[in-house]
Trainee: 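The structure's right below; bear with me while I get my questions together.
This one's a predicted model, so the numbers in the text were calculated from it and none came from an experiment.
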Amino acid sequence: MKVKPKINTYAVIMRAVEEGIGVGLNRADKHADDALTLEQRERVKYHVEVNVAAALSEVVNFD
């Protein structure tokens with residue numbers, strides 16, 4: 001008997017989004033004259049995550 005693991009698609013996608021945002025912010029800071037403050041980074045990260053999740057929920061069925 002084969003076992004098919006059930007993958008939490010939402011968790012996988014959101015983890016990838018969070019990690020991608022972190023990498024993108026780090027690269028942006030690396031090439032900027034002035035790095036973002038922690039508060040600015042968190043605000044950008046939050047808004048990108050919320051909007052990416054909203055866009056994905058329109059095209060992906062997370063059942």
Side-chain angles (χ1 to χ4, degrees):
M1 177 172 79
K2 291 185 178 181
V3 177
K4 291 184 178 181
K6 186 169 181 169
I7 296 174
N8 184 338
T9 308
Y10 179 81
V12 170
I13 290 173
M14 290 312 296
R15 183 176 297 163
V17 167
E18 289 174 17
E19 290 175 8
I21 292 168
V23 170
L25 287 171
N26 289 340
R27 287 185 180 164
D29 274 349
K30 180 179 177 182
H31 298 288
D33 292 333
D34 297 318
L36 296 174
T37 65
L38 181 58
E39 181 181 340
Q40 290 170 325
R41 286 177 62 94
E42 290 300 318
R43 191 176 319 136
V44 168
K45 183 178 177 186
Y46 170 77
H47 287 287
V48 171
E49 284 179 18
V50 167
N51 287 286
V52 168
L56 283 170
S57 70
E58 293 178 10
V59 296
V60 176
N61 186 2
F62 293 108
D63 287 337

Trainee: Output the distance between atom CG (Leu56) and atom CG (Asn61), rounded to the nearest 0.5 Å.
Mentor: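 Atom-to-atom, Leu56:CG and Asn61:CG are 12.5 Å apart.
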Trainee: Checking Arg15 now: which residues fulfil salt bridge (Lys or Arg N to Asp or Glu O under 4.0 Å) with it, not counting sequence neighbours?
Mentor: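 Counting only residues at least two positions away or on another chain, Arg15 forms no salt bridge (Lys or Arg N to Asp or Glu O under 4.0 Å).
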Trainee: Any side-chain heavy atom of Val52 sitting closer than 4.5 Å to one from Glu18?
Mentor: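 Val52 vs Glu18: side chains apart.
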Trainee: Filter on ring pair (Phe, Tyr, Trp, His ring centres under 6.0 Å), then keep only pairs touching residues 14-37, sequence neighbours left out; what's left?
Mentor: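 Output for this query is empty, none listed.
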Trainee: Using every non-hydrogen atom in the two residues, find where Asp29 and Leu36 come nearest and quote the distance to one decimal.
Mentor: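 Closest approach of Asp29 to Leu36, heavy atoms only: OD1-N, 3.1 Å.
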Trainee: Using every non-hydrogen atom in the two residues, find where Ile13 and Phe62 come nearest and quote the distance to one decimal.
Mentor: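 It is CD1-CE2, 3.7 Å.
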Trainee: Working to the nearest 0.5 angstrom, can you tell me the gap between Ile21 CD1 and His47 NE2?
Mentor: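 Ile21 CD1 to His47 NE2: 11.5 Å, rounded to 0.5 Å.
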Trainee: Does atom OH of Tyr46 have more than 12 heavy-atom neighbours, drawn from other residues, nucleotides or ligands, at distances under 6.0 Å?
Mentor: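 12 or below, so no.
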Trainee: Same cluster for Val59 and Val12 if Ile/Leu/Val/Met/Phe/Trp/Tyr side chains link at under 4.5 Å?
Mentor: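 Val59 does not cluster with Val12.
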Trainee: Closest approach of Arg41 and Gly22, non-hydrogen atoms and distance?
Mentor: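 Shortest heavy-atom contact: NH2-O, 4.1 Å.
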